[in-house]
S.K.: 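Below: one structure in structure tokens.
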Amino acid sequence: MEATALTDAVDAVRARTDQTPTLALVLGSGLGDLADAADDAVRIPASAIPHYPESTVAGHHGQLVLGQLDGVPVVFIQGRVHFYEGYPVTRLTFPVRLVHALGAERLLVTNSAGGINRQFDPGTLMFITDHINFAFANPLAGRVPGPRTPRHEGALHRPYYDAAWTRRAEAKARAIGLDTKRGTYIWTTGPSYETPAEIRAFARLGADAVGMSTVPEVIQAQRLGMRVLGVSTITNPAAGIGAEPLDHDDVLQVGQQVRADLRRLVRAIVGTVDA
Ligand code: HPA
């Protein structure tokens with residue numbers, strides 16, 4: 001069933017373009033318009049792709065955009081869907097399986113996150129070096145075809161976040177004057193924000209930032225053998241870390257401010273990929 005679903009989706013894309021992306025980008029809220037910078041862009045709405053999960057959030061139009069960014073063949077996954085929208089986690093990662101089937105060998109994921117590490121002020125850009133799956137949902141569980149455990153894949157511990165790519169991206173960031181951090185991201189289902197007690201617990205577990213996305217896509221991409229790079233934008237101190245109570249408008253506003261930095265960072269990262 002899934003194999004045919006994927007074939008149907010690939011066929012729908014291939015009916016509109018024969019571009020072969022090498023890099024897929026999942027851009028968090030506010031960054032979607034980076035796709036406007038792509039040359040020869042072909043936009044394919046989610047509704048035109050069989051089995052593609054559609055966002056239930058108003059104004060979040062799901063689409064794939066294939067094109068070239070600074071000469072690199074890319075595909076943007078726009079309007080990501082979240083676990084809290086009610087989709088099973090296996091469906092959330094359908095876009096990742098699709099872009100991989102279209103040729104993408106690398107995945108760049110961005111998100112916004114609350115800062116647990118007290119040194120990460122709002123506006124901090126954090127490379128994700130590891131994650132904690134605190135949603136306890138896994139896109140590889142269930143009737144997804146192919147081997148599911150590393151035991152079957154040979155390597156027991158393949159990295160989830162590509163260390164060499166991260167180092168190159170950090171060097172590029174420094175070269176354009178951007179200060180970045182590294183840290184561990186913890187995934188919670190949302191949609192409610194965390195309690196201060198939960199954040200204290202997450203700090204003890206070793207998390208630096210908390211958010212409601214990314215981990216499903218990364219687990220799926222790693223399973224497919226893709227190289228993964230993750231960047232979190234810290235938009236607010238996590239619950240109980242700052243003096244002020246959490247306000248969704250603040251999250252959106254900081255997101256706006258650092259958007260320019262993140263946009264420069266993403267383009268710099270695209271420059272680390274051989275065309
Ligand atoms: N918690 C969870 N997700 C988030 C936060 C947060 O504080 N900020 C942005 N996304």
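Just so you know, ligand 1 is whichever comes first in the structure, and atom 1 is the first atom listed for that ligand.
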S.K.: Closer than 4.0 Å to some heavy atom of M212 - which atoms of ligand 1 meet that?
M.R.: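 Counting from 1, the qualifying ligand atoms are 2 (C), 3 (N).
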
S.K.: Within the structure, does E194 bring an N/O atom to less than 3.5 angstrom of an N/O atom in ligand 1?
M.R.: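 Yes, there is a polar N/O contact under 3.5 Å.
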
S.K.: One residue to check: A239. Relative to ligand 1, which of side chain, backbone, both or neither has a non-hydrogen atom less than 4.0 Å away?
M.R.: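 Under 4.0 Å from ligand 1, A239 contributes no heavy atoms.
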
S.K.: If every non-hydrogen atom of I241 is compared with every non-hydrogen atom of G115, which pair is closest and at what distance?
M.R.: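 The pair with the smallest heavy-atom distance is CG1-O, 3.9 Å.
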
S.K.: Which bit of N236 is near ligand 1, meaning a heavy atom under 4.0 Å away: side chain, backbone, both or neither?
M.R.: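 Answer for N236: side chain.
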
S.K.: Examine distances only and state if a side-chain atom of Q19 and a backbone atom of D40 form a donor-acceptor pair shorter than 3.5 Å.
M.R.: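 Present.
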
S.K.: Considering the heavy atoms of G211, write down every atom of ligand 1 situated less than 4.0 Å from one of them.
M.R.: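 Answer, ordered by atom number: 2 (C), 3 (N).
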
S.K.: Of the listed options (P237, S112, P191, G115), which comes nearest to atom 10 (N) of ligand 1 when hydrogens are ignored and any heavy atom counts?
M.R.: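 Selected option, by shortest heavy-atom distance: S112.
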
S.K.: Checking R227 side chain against D162 main chain: does a donor-acceptor pair fall under 3.5 Å?
M.R.: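 No, R227 side chain to D162 backbone: no donor-acceptor pair under 3.5 Å.
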
S.K.: Let's go through E85 and R80 carefully: what are the C-alpha distance in whole Å and the side-chain angles of both, what is the deciding distance for side chain to side chain contact (heavy atoms under 4.5 Å, CB included) to 0.1 Å, and is it a yes or a no?
M.R.: CA-CA 11 Å; E85 292 175 66; R80 73 145 55 100; over 6 Å; no

S.K.: Is there a side chain to side chain contact (heavy atoms under 4.5 Å, CB included) between V81 and E54? Walk through the geometry before answering.
M.R.: CA-CA 7 Å; V81 288; E54 285 199 65; 5.9 Å; no

S.K.: For T235, counting its heavy atoms only, list the atoms of ligand 1 lying under 4.0 Å from any of them.
M.R.: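 Every atom of ligand 1 under 4.0 Å from some heavy atom of T235: 8 (N), 9 (C).
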
S.K.: Which residue in the set Y185, Y161, F202 passes ring-ring contact (aromatic ring centres under 6.0 Å, His included) when paired with H131?
M.R.: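 Among Y185, Y161, F202, the one meeting ring-ring contact (aromatic ring centres under 6.0 Å, His included) with H131 is Y161.
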
